[in-house]
Amino acid sequence: MSIKIYNTFTGNKEEFKPVEEGRAKLYVCGVTVYDHCHIGHARSAIVFDVIYRYLKAKGLDVVFVKNFTDIDDKILKKANTEGVPWKEVGEKYIRSFKEDMGALNILTPTYEPRATEHIDDMIRLVETLLDKGHAYRVDDDVYFSVESFVGYGRLSNRSLDEMMAGARVDVDDRKRNPLDFALWKGSKEGEPYWETSFGKGRPGWHIECSVMSTKYLGSPFDIHGGGKDLVFPHHENERAQSEAATGVRFVNYWVHNGFVNIEKEKMSKSLGNFLLIKDFMKEYHPEVLRLFFLSTHYRNPVDYTDKSIEDTNNALQRLYYTLERAREAGKGKEASAAPFRAARELEEKFYEAMDDDFNTALALSSVFELSKMVNRMVDEHDESRVPRILYARDVLVTLAQGIGLLLDDVDAFSEKERTRHLSRMGLDAASIEGMIEERVQARKNKDYKKSDEIRDTLAQKGILLQDSPKGTEWRIKSGVTTKGEDR
RNA sequence: GGCGGCAUAGCCAAGUGGUAAGGCAGCGGUCUGCAAAACCGUUAUUCUCCGGUUCAAAUCCGGAUGCCGCCUCCA
């Protein structure tokens with residue numbers, strides 16, 4: 001079945017028809033590297049990672065480009081306040097970005113171009129726009145003339161007149177139209193610059209994406225993605241300057257992900273409610289964040305709350321425990337996976353959901369149904385069930401991994417949960433094992449009062465005990481943290 | 001002021017014409033020394049409200065109310 005994608009440009013879901021048969025060309029606006037990434041960046045990265053993975057899984061040869069904006073006002077400002085060379089600022093945060101993406105299991109794009117490595121191409125594009133009369137010089141700056149491009153405003157669905165009516169347009173007498181934007185900025189004293197036929201300076205923000213996308217993908221290319229906030233002005237401007245220069249369509253499908261709020265408030269530095277990816281991962285497994293975001297449709301806003309994350313954490317644990325149980329059930333038994341209809345139907349449902357504009361929230365329902373299916377069969381303790389258990393488990397894992405979930409090893413997952421929890425609570429495994437051993441003895445002596453006391457003590461520390469014929473195991477009860485009081 | 005979005009159970013969240021997915025939490029049961037985990041059952045006769053179209057509406061149309069985003073750097 002074909003894939004349908006919601007296109008911001010038309011406002012409709014459309015069947016995906018790639019420019020080149022069998023290929024998909026995808027460009028996503030990356031980050032400006034002047035700070036660590038927050039969970040808003042993570043959402044965008046995860047959404048497009050899923051799209052990238054899914055297009056590949058559909059057999060398309062995907063060329064995926066994600067840029068780094070490594071020359072920008074904010075970077076220069078940071079360099080200034082920290083007293084380090086601006087290039088070092090970029091390097092530092094590119095490194096940080098890669099760490100975070102690695103931890104979140106974001107696949108590395110085919111190309112990760114940096115703005116500073118494409119200055120020559122940007123200069124040529126500005127020259128072309130000047131030649132064609134779409135741009136004009138004012139002192140050392142070069143502006144794009146929005147009135148020279150007929151379709152300006154069509155992507156963000158607004159007309160020039162409407163935008164003019166907005167009171168918040170920066171009025172600059174030097175511009176022909178207040179909405180004209182900088183293609184090139186003359187450099188001020190002490191700022192980095194490049195020599196060009198139109199003066200010393202550095203590129204404006206929008207020009208780099210036009211250059212780097214078409215350089216690696218051609219014109220038109222298939223999908224251009226980014227956060228919803230980029231629709232205007234960034235993508236509108238990219239589109240205008242690209243199409244004005246080339247005379248052909250720039251992008252076929254515009255895809256935008258919704259925003260992340262924290263406790264119903266927009267994340268912003270001024271509100272001080274930013275949550276860095278690195279800080280999140282101190283508290284939770286990275287897949288918790290991925291599962292959380294994929295539980296909501298990518299175009300809708302999502303509200304990050306401690307409770308939602310706890311809920312998601314429980315749900316993810318459930319999936320991993322299912323895998324563990326399936327493994328135990330199949331252990332030592334000569335059995336190979338046997339396909340059966342009910343599991344296949346869920347698999348089909350999953351793909352149908354994904355085909356329909358990457359409906360991960362709906363697709364996940366199949367994953368959870370499979371989890372329940374596996375658990376139910378495991379509970380039957382019937383050896384003849386094992387082949388089906390293994391099959392359902394395999395389907396579950398394949399589907400989940402297709403969207404970047406359940407990629408961790410089952411034991412590694414549990415181990416990470418324990419380690420994270422213990423360090424958070426300031427506990428050590430040995431003392432817990434000791435208490436468990438003590439309790440095992442008490443139980444042998446049928447001293448249930450004592451054994452229950454030990455269990456309660458551990459429970460208060462967020463340690464959950466599970467008795468089974470094989471012995472007593474412990475795991476983490478979510479929601480118990482030392483910082484419980486400040487919540 | 002302009003443009004756009006959202007409103008579904010205690011909470012989160014799919015569903016855009018055919019009679020309400022899934023997750024979390026809760027409750028009852030099975031299992032267990034008791035628990036936990038897991039499973040089974042249960043929790044919205046109803047989808048913010050008011051009208052309309054239709055054999056049929058959470059879904060389409062009109063109106064009202066509430067919340068949010070963009071219009072300025074921003075994933």
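Just the heavy atoms: all of them, side chains too, but no hydrogens, waters or symmetry mates, feed the values below. By convention in this document, chain letters (A, B, ...) are assigned in the order of the sequence lines, proteins followed by strands, and residues within each chain are numbered from 1.
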Of the candidates B:rA75, B:rC39, B:rA13, the side chain of A:Phe259 sits closest to B:rA75
| Is the side chain of A:Lys185 donor-acceptor paired with the backbone N or O of A:Pro203 at a distance under 3.5 Å, no angle test? | no
Partner of B:rG51 under the Watson-Crick or G-U wobble criteria, both distances under 3.5 Å, comes out as B:rC61
Could you tell me whether A:Gly40 contacts a base, only the sugar-phosphate backbone, or nothing, with contacts defined as non-hydrogen atoms closer than 4.0 Å? base
The complete set of salt bridge (charged side-chain N to carboxylate O under 4.0 Å, His left out) pairs with one or both residues in residues 404-413 of chain A, sequence neighbours excluded, reads A:Arg327-A:Asp411, A:Asp408-A:Lys416
Q. With respect to the phosphate group of B:rC70, does any side-chain polar atom (N or O) of A:Lys266 fall under 4.0 Å of OP1 or OP2?
A. yes
Using the P atom as the reference point in each nucleotide, state the distance between B:rA13 and B:rU8 in Å, no decimals.
9 Å
Does OP1 or OP2 of B:rC24 have a side-chain N or O of A:Asn313 closer than 4.0 Å? no
Pairs under 3.5 Å (N/O, protein and nucleotides 57-62 of chain B):
none

Closest of B:rC70, B:rC24, B:rA75 to the A:Val31 side chain is B:rA75
Using Watson-Crick geometry (N1-N3 plus N6-O4 or O6-N4) or G-U wobble (N1-O2, O6-N3), each under 3.5 Å, B:rU16 is paired with none
Quiz item: A:Trp254 vs A:His256 aromatic rings, parallel, tilted or perpendicular, using cut-offs 30° and 60°?
Solution: parallel
Q: Report which part of the nucleic acid A:Val302 touches: base, sugar-phosphate, or nothing (heavy-atom distance under 4.0 Å, all strands).
A: nothing
Scanning all shown strands, the Watson-Crick or wobble mate of B:rA44 with both distances under 3.5 Å is none
When the C1' atoms of B:rG4 and B:rG15 are compared, how many Å lie between them, rounded to an integer? 22 Å
Pick the P atom in B:rU46 and in B:rG17, then give their distance to the nearest Å. 23 Å
Quick note, A:Asp379 side chain, CB onward, closest among B:rC11, B:rC39, B:rA14 is B:rC39
Side-chain (A:Asp180) to main-chain (A:Val146) donor-acceptor, under 3.5 angstrom: yes
Answer for the Watson-Crick or wobble partner of B:rC67, both distances under 3.5 Å, is B:rG5
Could you write out each protein N or O paired with an N or O of nucleotides 31-33 of chain B at a distance under 3.5 Å?
residue	atom	partner	partner atom	Å
B:rG33	N7	A:Arg443	NH2	3.3
B:rG33	O6	A:Arg443	NE	3.1
B:rG33	N1	A:Asp452	OD1	3.0
B:rG33	N2	A:Asp452	OD2	2.7

Residue set satisfying ring pair (Phe, Tyr, Trp, His ring centres under 6.0 Å) with A:Phe97, at least two apart, ordered chain then number -> A:Phe68
Self-check item: Aromatic contact, A:Phe280 with A:Tyr284 (centres under 6.0 Å)
Solution: yes
**OP:** Check whether any side-chain N or O of A:Asn300 sits under 4.0 Å from OP1 or OP2 of B:rG5, and answer yes or no.
**Re:** no
Contacts of A:Tyr27 meeting ring pair (Phe, Tyr, Trp, His ring centres under 6.0 Å) (sequence neighbours excluded), chain-then-number -> A:His224
Of B:rC11, B:rA13, B:rA75, the nucleotide closest to the side chain of A:Met267 is B:rA75
**Request:** Look at all strands and tell whether A:Arg43 reaches a base, only sugar-phosphate, or nothing, counting heavy atoms closer than 4.0 Å.
**Result:** nothing
Residues pairing under ring-ring contact (aromatic ring centres under 6.0 Å, His included) where one sits in residues 371-414 of chain A, two or more places apart or in two chains, turn out to be A:His285-A:Phe413, A:Tyr320-A:Phe413, A:Phe340-A:Tyr391
Whole-Å distance, A:Tyr27 OH to B:rA75 P, equals 13 Å
By salt bridge (charged side-chain N to carboxylate O under 4.0 Å, His left out), A:Lys74 pairs with (sequence neighbours left out) none
Heavy-atom contacts, protein to nucleotides 16-22 of chain B, under 4.0 Å, summarised as B (base), S (sugar-phosphate only) or - (none) per nt, yield -----BS
Quiz prompt | C1' gap between B:rU53 and B:rC60, integer Å | solution = 8 Å
In whole Å, what separates the C1' atom of B:rU65 from that of B:rU48? 8 Å
Rounded to whole Å, the CZ-C1' distance (A:Arg158 to B:rC3) equals 6 Å
For A:Asp100, the salt bridge (charged side-chain N to carboxylate O under 4.0 Å, His left out) test, sequence neighbours excluded, returns A:Lys278
Hits for salt bridge (charged side-chain N to carboxylate O under 4.0 Å, His left out) against A:Glu438, two or more places apart or cross-chain, chain-then-number order -> A:Lys450
Here the distance between atom P of B:rC12 and atom CG of A:Asp311, to the nearest Å, is 10 Å
Among B:rG4, B:rA75, B:rA38, the one nearest any side-chain atom of A:Asn157 is B:rG4
Sorted by position of nearest nucleotide on RNA chain B, 5' first, the leading residue of A:Met373 and A:Ser44 is A:Met373
- Quote, to the nearest angstrom, the C1' distance that separates B:rA38 from B:rC31. 9 Å
Do any side-chain nitrogens or oxygens of A:Asn359 fall under 4.0 Å of OP1 or OP2 in B:rA14? no
The residue among A:Glu238, A:Gln241, A:His235 that forms side chain to side chain contact (heavy atoms under 4.5 Å, CB included) with A:Phe250 is A:Glu238
Using Watson-Crick geometry (N1-N3 plus N6-O4 or O6-N4) or G-U wobble (N1-O2, O6-N3), each under 3.5 Å, B:rU72 is paired with none
Here the distance between atom C1' of B:rC71 and atom NZ of A:Lys228, to the nearest Å, is 15 Å
The residue, A:Arg325 or A:Ser156, whose nearest nucleotide of RNA chain B is more 5′ is A:Ser156
Name the nucleic acid region contacted by A:Lys74, choosing base, sugar-phosphate or nothing; use a 4.0 angstrom heavy-atom cut-off, strictly under. sugar-phosphate
Paired to B:rG33 by Watson-Crick or G-U wobble criteria (both distances under 3.5 Å) is none
Under 4.0 angstrom, heavy atoms only, what part of the nucleic acid is A:His256 near: base, sugar-phosphate, or nothing? nothing
The ring pair (Phe, Tyr, Trp, His ring centres under 6.0 Å) partners of A:Tyr54 (sequence neighbours excluded) come to none
- Please measure how far the C1' atom in B:rC67 lies from the corresponding atom in B:rU72, and state the result in whole Å. 23 Å
NA contact type, A:Leu465, heavy-atom cut-off 4.0 Å: base, sugar-phosphate, or nothing? base
Within the pair A:Asn314 and B:rA25, is there a side-chain N or O less than 4.0 Å away from OP1 or OP2? yes
### Task
Examine distances only and state if a side-chain atom of A:Thr472 and a backbone atom of A:Ser468 form a donor-acceptor pair shorter than 3.5 Å.
no
Hits for salt bridge (charged side-chain N to carboxylate O under 4.0 Å, His left out) against A:Glu380, two or more places apart or cross-chain, chain-then-number order -> A:Arg385
(message) Considering every strand and a 4.0 Å limit on heavy-atom distances, what is the contact class for A:Gly30: base, sugar-phosphate, or nothing?
(response) sugar-phosphate
| How far does the P atom of B:rA20 sit from the matching atom of B:rG26, given to the nearest Å? | 27 Å
